[in-house]
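Working notes, structure below.
Keep in mind the model is a prediction, meaning the values are calculated, not measured. Residue indices begin at 1 and follow the sequence shown.
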Amino acid sequence: MKNKLILTLLLFASILQAQDQKESFSFTLEQAIEHAIKNNYSVINANRDVEAAKQKKWETTTIGLPQINGNVAYQNNFQIQRSIVPAEFFGGEPGEFAEVAFGTKHTMAASATLSQLIFDGSYLVGLQSAKTYLQISENAKVKTAQQIREMVINSYGNVLLSDESISILQKNKTILEKTLSDTREIYKNGFIEEENVEQLQINLSSVNSSLENVKRQKIIAIDMLKLLLGIKLESELVITDKLEALTQNNVDLVLLKEEFNVNNNIDYQIGQNSLKSKELLLKLERSKALPSLGAAVNFGYNAFNDEFQFFSQNQKWLNYSNLGINLNVPIFSSGGRSARTQQAKIALEQSKTQLTETEQKLKLEFERAKSDYEFSLEQLTTSKSNLNLAERIENKNQIKFKEGLSSSFDLTQAQEQLYAAQQKYLEAMLSVINKKAALEKLFNKN
């Protein structure tokens with residue numbers, strides 16, 4: 001009994017442990033992009049939109065395919081309608097009338113109809129429109145994937161920036177604490193003024209505050225990345241790339257020499273499909289002036305009885321069948337069709353203008369993105385050089401301060417200049433990564 005109790009407790013504990021265990025993920029940037037393209041919430045719904053468009057296309061196709069419909073109707077005439085007829089029909093006196101009830105108390109009918117659309121201009125245009133609608137949905141899926149890719153790169157970079165910032169701030173804090181400790185000892189011995197200690201304390205407090213703020217920002221940055229990746233915020237996420245190595249991988253001078261073909265851009269492709277849809281809308285309005293032709297074959301049975309005995313063997317069913325052809329010819333609409341056609345023409349011209357505008361905007365956006373990427377590469381070189389200079393200046397002021405040749409104010413200025421240079425260098429690396437991603441999106445690169 002005791003052993004059974006122990007086994008039960010162990011089993012219960014293992015179940016609780018399994019429930020508490022969190023999912024854990026580890027990604028390089030490329031792995032993160034690949035995961036997001038499959039699992040991001042917007043991407044998942046974009047895939048569903050494509051599937052819905054495929055079903056919509058098939059739904060439109062079925063309009064021109066044979067349709068079979070069945071119908072069963074039952075009627076209980078609990079009070080049969082009466083009519084008045086001359087009584088002399090039944091041997092009565094001339095001039096008198098008699099009440100007569102026609103029909104039976106129970107009536108049942110069953111029928112089946114086979115219909116087929118033979119010709120309808122609107123249907124033919126509808127098929128083309130369904131295909132275009134599917135293309136637009138696929139375009140939207142590609143655009144969503146591109147946007148998610150860029151957002152993942154930016155978000156991944158923000159996490160790396162936070163990591164590097166924390167590392168640098170912790171290093172600066174360690175150096176400052178050592179300097180402050182040494183300065184306190186020198187002050188105790190009466191070689192410097194208390195102001196020097198206080199100045200360093202202010203600087204250390206500022207570094208501590210910045211460090212705590214960056215730690216909080218890192219939590220937010222990681223949660224943002226998790227959201228983009230389509231994983232739960234409670235999951236553990238580790239990113240394995242390093243900011244400096246990733247930056248070097250994104251220095252691509254060949255990309256700056258590539259020619260921009262606007263036809264490869266997804267926004268332009270969406271504009272082209274939008275133009276095509278307006279052309280089909282005009283075609284649809286014109287097709288409404290054409291005749292439509294359809295045919296239908298009906299088969300059915302009727303049964304009548306004063307008592308409900310339709311399922312008995314003695315019930316007599318009367319069958320019927322017919323073939324019908326329907327031709328609808330639009331003749332005169334008081335100018336309504338013409339007005340709708342003119343509206344469609346105007347919408348088409350507007351779409352042409354919008355496509356031209358999109359083309360010009362994309363060319364301008366490309367020039368701006370290319371310039372931004374070039375500038376980010378220049379800033380990377382400049383900020384790296386400035387960081388080296390700031391480190392040497394701060395190091396010299398450290399030596400001077402320890403030897404009593406400069407004040408804590410001079411040292412603080414040099415340190416603040418170093419901290420600013422460190423931050424600018426980190427931001428320059430992140431900018432290279434982000435600006436390249438923006439440029440690649442215009443090229444429709446994956």
Margin query: For the backbone of L161 and the side chain of S165, can you confirm whether one donor and one acceptor N or O come within less than 3.5 Å of each other?
Written below: yes
Margin query: Quiz question: by atom type and distance under 3.5 Å, do the side chains of N172 and Q422 form a donor-acceptor pair?
Written below: yes
Notebook entry, point to check: For E365 and K361, what are the C-alpha separation, side-chain angles and deciding distance, and is it a salt bridge (Lys or Arg N to Asp or Glu O under 4.0 Å)?
Noted result: CA-CA 6 Å; E365 188 177 350; K361 283 184 176 180; over 6 Å; no
Notebook entry, point to check: Mind checking whether F308 and F310 have parallel, tilted or perpendicular rings, split at 30° and 60°?
Noted result: perpendicular
Next item on the list: Would you check if the side chain of Q269 reaches a backbone N or O of N263 as a donor-acceptor pair within less than 3.5 Å?
Entry: yes
Checklist line | N/O donor-acceptor pair under 3.5 Å between Q67 side chain and L65 backbone | finding: yes
Note to self: Check whether K226 reaches the backbone of S235 with its side chain - one donor and one acceptor, N or O, closer than 3.5 Å.
What the structure shows: yes
Notebook entry, point to check: Are any side-chain N or O atoms of N328 and backbone N or O atoms of S292, one a donor and one an acceptor, separated by less than 3.5 Å?
Noted result: no
Note to self: Determine whether a donor-acceptor pair (N or O, by modelled atom type, separation under 3.5 Å) exists between the side chain of D252 and the backbone of V254.
What the structure shows: yes
Margin query: With a sphere of 6.0 Å drawn around CD of E374, does it hold more than 12 non-hydrogen atoms of other residues, nucleotides or ligands?
Written below: yes
Note to self: Assess the residue pair R149 and E440 against the criterion (salt bridge (Lys or Arg N to Asp or Glu O under 4.0 Å)); give the C-alpha distance rounded to whole Å, side-chain angles, the decisive distance to 0.1 Å, and a yes or no.
What the structure shows: CA-CA 10 Å; R149 178 182 184 273; E440 285 179 332; 3.2 Å; yes
Check: When you check the gap from the basic side-chain N to the acidic O, do E349 and K345 get nearer than 4.0 Å?
Finding: no
Next item on the list: Using distance alone, with no hydrogens and no angle criterion, decide if Q315 and N305 have a side-chain donor and acceptor under 3.5 Å apart.
Entry: yes
Notebook entry, point to check: What residue among Y373, Y268, F443 forms ring-ring contact (aromatic ring centres under 6.0 Å, His included) with F366?
Noted result: F443
Next item on the list: Would you confirm whether S383, through its side chain, and Q379, through its main-chain N or O, come within 3.5 Å as a donor-acceptor pair?
Entry: yes
Notebook entry, point to check: Distance-only, no hydrogens or angles: does the T382 side chain make a donor-acceptor pair with backbone N or O of E378 under 3.5 Å?
Noted result: yes
Note to self: Test side-chain contact (heavy atoms from CB on, under 4.5 Å) on N326 and L293; report intermediate values, then the result.
What the structure shows: CA-CA 6 Å; N326 179 53; L293 181 64; over 6 Å; no
Next item on the list: Classify the side-chain pair K105/N76 by whether it contains a donor and acceptor separated by less than 3.5 Å.
Entry: no
Next item on the list: Using modelled atom types only, decide if a donor and an acceptor are shared between the side chain of N302 and the backbone of A109 within a distance under 3.5 Å.
Entry: no
Item checked: Steps toward side-chain contact (heavy atoms from CB on, under 4.5 Å) verdict (L117, Y123) -> CA-CA 9 Å; L117 179 67; Y123 170 68; 3.9 Å; yes
Note to self: Would you say the ring centers of H35 and F27 fall short of 6.0 Å from each other?
What the structure shows: yes
Check: Looking only at side chains, do T113 and N298 share a donor and an acceptor under 3.5 Å apart?
Finding: yes
Check: Any sub-3.5 Å donor-acceptor pair from S206's side-chain atoms to N203's backbone N or O?
Finding: no
